[in-house]
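What follows is one structure encoded as structure tokens, with my remarks underneath.
The figures here come from the full heavy-atom set of this structure, side chains too, leaving out hydrogens, waters and symmetry mates.
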Amino acid sequence: MDTVGVVVWLCVVVTILSRSHGDRNVYPSAGVLFVHVLEREYFKGEFAPYMKAGDSSNDPITFNTNLRGYPDRPGWLRYIQRTPHSDGVLYGSPTAEYVGRPTVIEITAYNRRTFETARNNLVINIMGNEEFPLPFQAEFYIKNMNVEEMLASEVLGDFLGAVKNVWQPDRLNAINITSALDRGGRVPLPINDLKEGVYVMVGADVPFSSCLREVETPQNQLRCSQEMEPSISCDKKFRAQFDIDWCKINLVDITKVVTVYRERPNPGPGVLPDMWGYDPPSEAMESRDYFSDFVVTLAVPSAVAMVLFAVLGYAMCCRREGVEKRNMQTPDVQLVHHSSIQKSTKELRSMSKNREISWPLSTLPVFHPVSGEVVPPLHPDNYETTSMPLMQTQTNLQNQVQIPQQQPPGENYCMSTFRRLEVNGIPEERKVAEALNL
């Protein structure tokens, strides 16, 4: 078996499957990348056949994963599913604190067409690794890959093979894979088949090769500070399939890392202690009677509203003085003055009804009140109403007499118009005589 085959074999996780709704058992090693694919084909067998829609092989299926008894997964485990028609992937790097105790992951599959669900358990038994952690670790940033593409065994095997040819170690493992979006990267534009980018960390048992250390030279550091591509001699071994950003490579020598221990600050009174776990509420909850709360909520505002309504009604209806009391407290002179104003107003209104001005057409009846026939208009159809004045002047009235008006000496007389008044049918000429004697 060649070296690349051995490297890929190191990343394989033993899986025991049980089709009869049993648990799946996997045995990853601490410090080694763990990848588990949630295959849609496997969960399709858990759903009953749906005969109304024909072929059900392409049903959209999504997954929900969580640690049993908790709402989320462990901190080291991630999950990704790009579309409902693609497989889901669980991946991450197990830590040493989980060694020796099984981690049960509840997997719930949802059929988005039939709304059926199926649930299986994935039991992760993390095994100890004597080689963990490998002393020399290198993190590469690959710009032309998404995380689900990099997690494929063939692609990951090709990348580890290229790294092994450059590094030449005896043992080489993939430690972790992280999407660039989890590191604060931006979502790429949907043009030119741009990718999100992915960080891949690998570990080896030998120091870094000279090719990997070329990025630390002053010339390449200067080019990176100017946002220029550095000159790396071994880049051609990756360029055919992987576009690596060499300015973002991170080389870590664990043997030279100094561990700094810091005292944990004393938490305040509002922070819960660490020994408390997630305690979900019990399903058997006691019923509560809300009738008393409902009565109090409605009765108190209703009572206040009724009291205010009674006070307002008494003030408005029962405390009125009346017209008689008002007249008794008003002086007689003021009452006589007010009465005379009312009489004059009524007389003027009655006199306005006898004006010799034609009523507007809008106020006249359309039908005859006796025969019911249509009443012809007062003016013919060709009558031009635009030339009709808005107010009738004295020249339009009948029974008018024109008299000359006296002017200063040396000037001509001008005519002044007065309306001829009649009282009981007898014309009153005194106004004209008085006007002439002025």
**Report entry** Least distance between heavy atoms, Leu38 atom then Asp87 atom
**Finding:**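 Between these two residues, the closest heavy atoms are O-CB, 3.4 Å.
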Query raised in the report: If every non-hydrogen atom of Trp76 is compared with every non-hydrogen atom of Ser93, which pair is closest and at what distance?
Result: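 Scanning both residues completely, I find the closest heavy atoms to be CB-O, 3.5 Å.
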Contacts table for residues 201-210: side-chain donor-acceptor under 3.5 angstrom, sequence neighbours left out:
| unit_1 | atom_1 | unit_2 | atom_2 | d |
| --- | --- | --- | --- | --- |
| Asp205 | OD1 | Asp170 | N | 3.2 |
| Asp205 | OD1 | Arg171 | N | 3.2 |
| Ser209 | OG | Val166 | O | 3.3 |

Using atom types as modelled and distance alone, determine if a side-chain donor or acceptor of [X] lies under 3.5 Å from a backbone N or O of [Y].
| X | Y | answer |
| --- | --- | --- |
| Arg239 | Cys234 | no |
| Arg101 | Asn125 | no |
| Gln168 | Asn165 | yes |

**Report entry** Pairing residues for Asp289 by the salt bridge (charged side-chain N to carboxylate O under 4.0 Å, His left out) criterion, not counting sequence neighbours
**Finding:**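 Checked Asp289 against salt bridge (charged side-chain N to carboxylate O under 4.0 Å, His left out); zero matches.
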Report task. Describe, in one word, how the ring planes of His36 and Phe34 are oriented to each other, choosing from parallel (under 30°), tilted (30 to 60°) and perpendicular (over 60°). Result ->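 The arrangement is parallel - the two ring planes meet at less than 30°.
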Query raised in the report: Do the non-hydrogen side-chain atoms of Trp246 and Pro230 ever get within less than 4.5 Å of each other?
Result: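 Yes - at least one pair of side-chain heavy atoms lies under 4.5 Å apart.
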Query - Pro102 side chain near Ile124 side chain, heavy-atom distance below 4.5 Å - result: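 The answer is no; the side chains never approach within 4.5 Å.
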Report task. Measure from the ring center of Phe242 to the ring center of Phe140 and say whether it is less than 6.0 Å. Result ->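 No.
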**Report entry** Ring centres under 6.0 angstrom apart (Tyr79, Tyr91)
**Finding:**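 That pair fails the under 6.0 Å test.
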Any Lys/Arg nitrogen of [X] or [Y] sitting under 4.0 Å from an Asp/Glu carboxylate oxygen of the other?
| X | Y | answer |
| --- | --- | --- |
| Glu196 | Arg82 | yes |
| Asp59 | Arg113 | yes |
| Arg183 | Glu139 | yes |
| Lys237 | Asp235 | no |

Query raised in the report: With a cut-off of under 6.0 Å to the ring centre and 45° to the axis, is Arg112 in cation-pi contact with Tyr110?
Result: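 Arg112 over Tyr110 ring: yes.
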